[in-house]
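None of the values given here were measured: they were computed from a predicted structure. Reckoned from all heavy atoms, side chains included, excluding hydrogens, waters and symmetry mates. Convention: sequence-line order gives letters A, B, ...; per-chain numbering from 1.
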There are 4 protein chains.
Amino acid sequence: MEGRKLPRRERDKLRQRREILTAALGLFAQKGYHNVSMHEVAGKSEFSIGTLYKFFPNKEELYRELVVEESDRFHSEMVRVLEGPGDELERLREYIRAKGEIFEGSVTFIRLFLAETWGPSLDGKGRPQEEVMKRRLDILDRLAAIFAEGVEKGRFRALGAPHHLAVALDSTINGFLLLGLGQEPFRYPEDPSLILDIFLKGLIKS
Amino acid sequence: MEGRKLPRRERDKLRQRREILTAALGLFAQKGYHNVSMHEVAGKSEFSIGTLYKFFPNKEELYRELVVEESDRFHSEMVRVLEGPGDELERLREYIRAKGEIFEGSVTFIRLFLAETWGPSLDGKGRPQEEVMKRRLDILDRLAAIFAEGVEKGRFRALGAPHHLAVALDSTINGFLLLGLGQEPFRYPEDPSLILDIFLKGLIKS
Amino acid sequence: MEGRKLPRRERDKLRQRREILTAALGLFAQKGYHNVSMHEVAGKSEFSIGTLYKFFPNKEELYRELVVEESDRFHSEMVRVLEGPGDELERLREYIRAKGEIFEGSVTFIRLFLAETWGPSLDGKGRPQEEVMKRRLDILDRLAAIFAEGVEKGRFRALGAPHHLAVALDSTINGFLLLGLGQEPFRYPEDPSLILDIFLKGLIKS
Amino acid sequence: MEGRKLPRRERDKLRQRREILTAALGLFAQKGYHNVSMHEVAGKSEFSIGTLYKFFPNKEELYRELVVEESDRFHSEMVRVLEGPGDELERLREYIRAKGEIFEGSVTFIRLFLAETWGPSLDGKGRPQEEVMKRRLDILDRLAAIFAEGVEKGRFRALGAPHHLAVALDSTINGFLLLGLGQEPFRYPEDPSLILDIFLKGLIKS
DNA sequence: GATGAATGAGGTTTCATTCAT
DNA sequence: AATGAATGAAACCTCATTCAT
């Protein structure tokens, strides 16, 4: 979609870049940033170390771009869902389902995502975290907007600040994602729409 | 209570050990395991490197013992609260309050705790995580028991497996703890007993 | 004979490897395994420490390969001589001469060889020694075979087990080699074929 | 004999010193100088590290004194035998027997002795070696004197410089000692007076 | 005097990054 | 342009030696 009009040279570059990032994603997710050497990334991606440094100025930046791009993919998908059709309840259900689906697709991604959301920063200065957090906050805002809308329309009870409701819901989802981490392929421990109704029960006006 | 009767030599040893762990806790929590050198721990704790190795056979073990001891302090406190007096609802409220209180006391601890709960393992083999996870699962079991008891007594609606309810509640709490991470001293974003009622609204039979 | 057809890259590698081993041989022979640091080997061989580790996984292995290769060179030469033409007596004389000659070429090698034959093991577990000892025992067996052959042909008196005669002869040679250690270049203290006749006088039937 | 008249304080000191050296002998002989820590010597000798340093200014000196004293014990015994009664042949036989006997008594000692005779020096500067070598040369001189005497008296053939005959005999003995190293307790591989007659056969005038 | 806790220099090894080919 | 051999800073860890108690 994006690359159609690029000259072949550019397209190749992008493809190579993506291959490197894909290899790196697997390694970083499995072993953590500090237990993966550039040598390993070079080996798995089947590029030379020199080539890696053509694409990324250093290891940290490679990692940062990886995290940011994965975050972006995730974020766009979530935004798409949250802006989708359907009433408030339907969109929340869809969010829960879609978030699970993405994680189903790649447990590797969960690990990376969690590491970045919760783990210590790479170097005590924490730059990729900020990028991830910015996107997470955007999602939380959109969730909050849905809650606010629901309240306004009289469909939800006004049970606290919409932002806090968003935090509560999203954290609960994350908890269940973590529960499923051991298994491969990942699955929610139960039907998510059932399980997470629990969370909503108190909200919905009878 | 514990150390009164130990000979002075032993008490000194324990005190020194604690000083090392305290220094290490600060550094590890702030910068993460791989960004802290033994040299730094020696500097901050004001012991020599050699002395660190008298107390801990290697860096990983120093970290592991640190994590396990902090985990234990946290776990005991949570168990105390969950086994405390009061009906099911009171004990849950107390749990929420106490968990927040411990984190208030030391934001450093939150970082360590989260890193261990969610972060990548130290070496891709993940040992201290297991110890932490064991304790978390024990807490979840105890929370689940409270939910089960509440349901049995007819005070809670039977809204899903008690274990899943426990996961949902605890994850929500963690979400709010994370929200408060930036601030120092830490505080729940709102009165926790109000905020978290949200979560419980659906459960409690009107 | 061996390297003619190798691609240049491979030849370079082998040459570098040999340069490292040569530098290491000098140092280890002069100061002993434990008094030589990798830093020193790097310095003397004019490679960086990192490069040493490209060729050898660790210091012990560098040493082991050094010892084994030197042992091999020595062993092959001795086998060549012992399987050479000539009657029993001529081959023994040739062995004595050739052993002396090799040592003449490199006093450094004597030191290494003796250290491995007689010295304490590197780590109390003694692995390179075994390789060296295996080769020494092979030589002793070949010497013994010559003695046995001489006895069988009626040229030597049957003065004890051939293996013991071999031990006696070889030890005597070693004794003279040690005598010459101080000097550079090394020389047998006297004409070896004269000196060592002493040893054989009792054996040869008048 | 030496300590009878010393005040008790002095006697105690000497006894302690000896206990340290005995413990150290065992360790050094088994593992080699560089694989034994002062901590280990302290542990095995049941003295504190501080006490070790009261007796010896540093590790190297402890080792050196150990080697020199063991060398002395050995040297005196050999001198006693070589200056003993009997004709030249009897004294040589007695030397062979006695050297074997000492080694029988302590394989640990063989290891130390061989390490010092043949091994690399401790620090590339090789001081204890010189002490040992001095004593070995003295023994060789005394052996040579016996050979010279035998020749002079017309009992031995004049088969080369007496010193070289001494080297040849002593090296042969060492060779057999090494052969027996694996076993515990040590024994010559055969009756030494038989085996080593081989060496002398050529010398003795029929 | 005896002790052993404390020190820190120095050892081995790893790995991000550079640059000649 | 691509490669990967070479580099060396910096990490972990040991242990001979000192010195306060």
Rounded to whole angstrom units, what separation is found between the [atom1] atom of [X] and the [atom2] atom of [N]?
X       : N      : atom1 : atom2 : value
D/Glu60 : F/dC15 : CD    : C1'   : 15 Å
B/Glu40 : F/dA10 : CD    : C1'   : 12 Å
B/Tyr33 : F/dA11 : OH    : P     : 13 Å
C/Phe55 : F/dT7  : CZ    : C1'   : 14 Å
C/His39 : F/dA9  : NE2   : C1'   : 13 Å
C/Phe56 : E/dT14 : CZ    : C1'   : 18 Å
A/Lys59 : E/dT18 : NZ    : P     : 15 Å
C/His34 : E/dT12 : NE2   : P     : 10 Å

### Message
As a test of reading the structure: which of E/dT18, F/dA16, E/dT7 is closest to the side chain of A/Ile49, going by heavy atoms?
### Response
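Output: E/dT18.
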### Closest listed nucleotide, where the reference is the side chain of A/Thr51 and the choices are F/dT17, E/dT13, F/dT3
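The closest nucleotide is F/dT3.
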When you compare the protein's N or O atoms with those of nucleotides 19-21 of chain F, which come within less than 3.5 Å of each other, and at what distance?
none

### Query
Can you check whether B/Lys13's main-chain N or O pairs, donor with acceptor, with B/Gln16's side chain at less than 3.5 Å?
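No: the side chain of B/Gln16 does not pair with the backbone of B/Lys13.
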### Task
With the side chain counted from C-beta on, respond yes when A/Glu131 and A/Val67 share a heavy-atom pair under 4.5 Å apart, and no when they do not.
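The answer is no; the side chains never approach within 4.5 Å.
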### Message
Does any part of the side chain of C/Glu40, heavy atoms only, come nearer than 4.5 Å to the side chain of C/Lys31, both counted from C-beta?
### Response
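Counting from C-beta outward, C/Lys31 and C/Glu40 do come under 4.5 Å.
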### Message
If you assign each of C/Leu52 and B/Asn58 to its closest nucleotide in DNA chain F, which residue comes earlier from the 5' end?
### Response
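So the residue in question is C/Leu52.
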### Query
Taking all non-hydrogen atoms of both residues, which atom of C/Lys59 and which atom of C/His34 are closest, and how far apart?
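Distance-wise, the nearest heavy atoms are NZ-CA, 4.4 Å.
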### Query
If you take all heavy atoms of D/Leu62 and D/Ala24, which pair is closest and at what distance?
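The answer is CD1-CB, 4.5 Å.
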List in chain and number order the residues that pass side chain to side chain contact (heavy atoms under 4.5 Å, CB included) with [X], two or more places apart in sequence or in another chain; answer none if no residue qualifies.
X       : value
D/Lys44 : D/Ala23, D/Leu27
B/Arg17 : B/Leu14, B/Leu21, B/Phe55, B/Phe56, B/Glu65, B/Glu69
B/Thr22 : B/Arg18

### Message
Please enumerate all residues that pass side-chain hydrogen bond (donor to acceptor under 3.5 Å, both in side chains) together with A/Asp12, with sequence neighbours excluded.
### Response
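Scan of A/Asp12 (side-chain hydrogen bond (donor to acceptor under 3.5 Å, both in side chains), adjacent residues dropped) gives A/Arg8, A/Arg15.
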### Message
If the condition is side-chain hydrogen bond (donor to acceptor under 3.5 Å, both in side chains), which residues does A/Asn58 pass it with, not counting sequence neighbours?
### Response
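If we apply the side-chain hydrogen bond (donor to acceptor under 3.5 Å, both in side chains) test to A/Asn58, skipping adjacent residues, there are no hits.
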### Query
What residues in residues 41-48 of chain A put a non-hydrogen atom under 4.0 Å from any atom of DNA chain F?
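Contacts with DNA chain F under 4.0 Å: A/Ser48.
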#### Entry: Geometric class of the B/Tyr33/B/Phe28 ring pair [parallel <30°, tilted 30-60°, perpendicular >60°]
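Ring orientation of B/Phe28 relative to B/Tyr33: parallel.
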### Task
Report yes if a side-chain nitrogen or oxygen of B/Gln16 is closer than 4.0 Å to either non-bridging phosphate oxygen (OP1 or OP2) of E/dA5; otherwise report no.
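Checking E/dA5 against B/Gln16, no side-chain N or O comes under 4.0 Å of OP1 or OP2.
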Output side-chain donor-acceptor pairs under 3.5 Å for residues 47-54 of chain C, partner residues at least two apart or in another chain, one line each.
residue : atom : partner : partner atom : Å
C/Ser48 : OG   : C/Thr51 : N            : 3.3
C/Ser48 : OG   : C/Thr51 : OG1          : 3.0

### Task
Let me know, please, whether D/Lys13 or C/Met38 comes out on the 5' side of the other along DNA chain E by nearest nucleotide.
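Comparing both residues, the 5'-ward one is D/Lys13.
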### Query
Counting a pair only when it is Watson-Crick or G-U and both distances are under 3.5 Å, which runs of at least 3 such pairs involve DNA chain E?
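Looking at DNA chain E, the stems formed by three or more consecutive pairs are E:2-21 with F:2-21.
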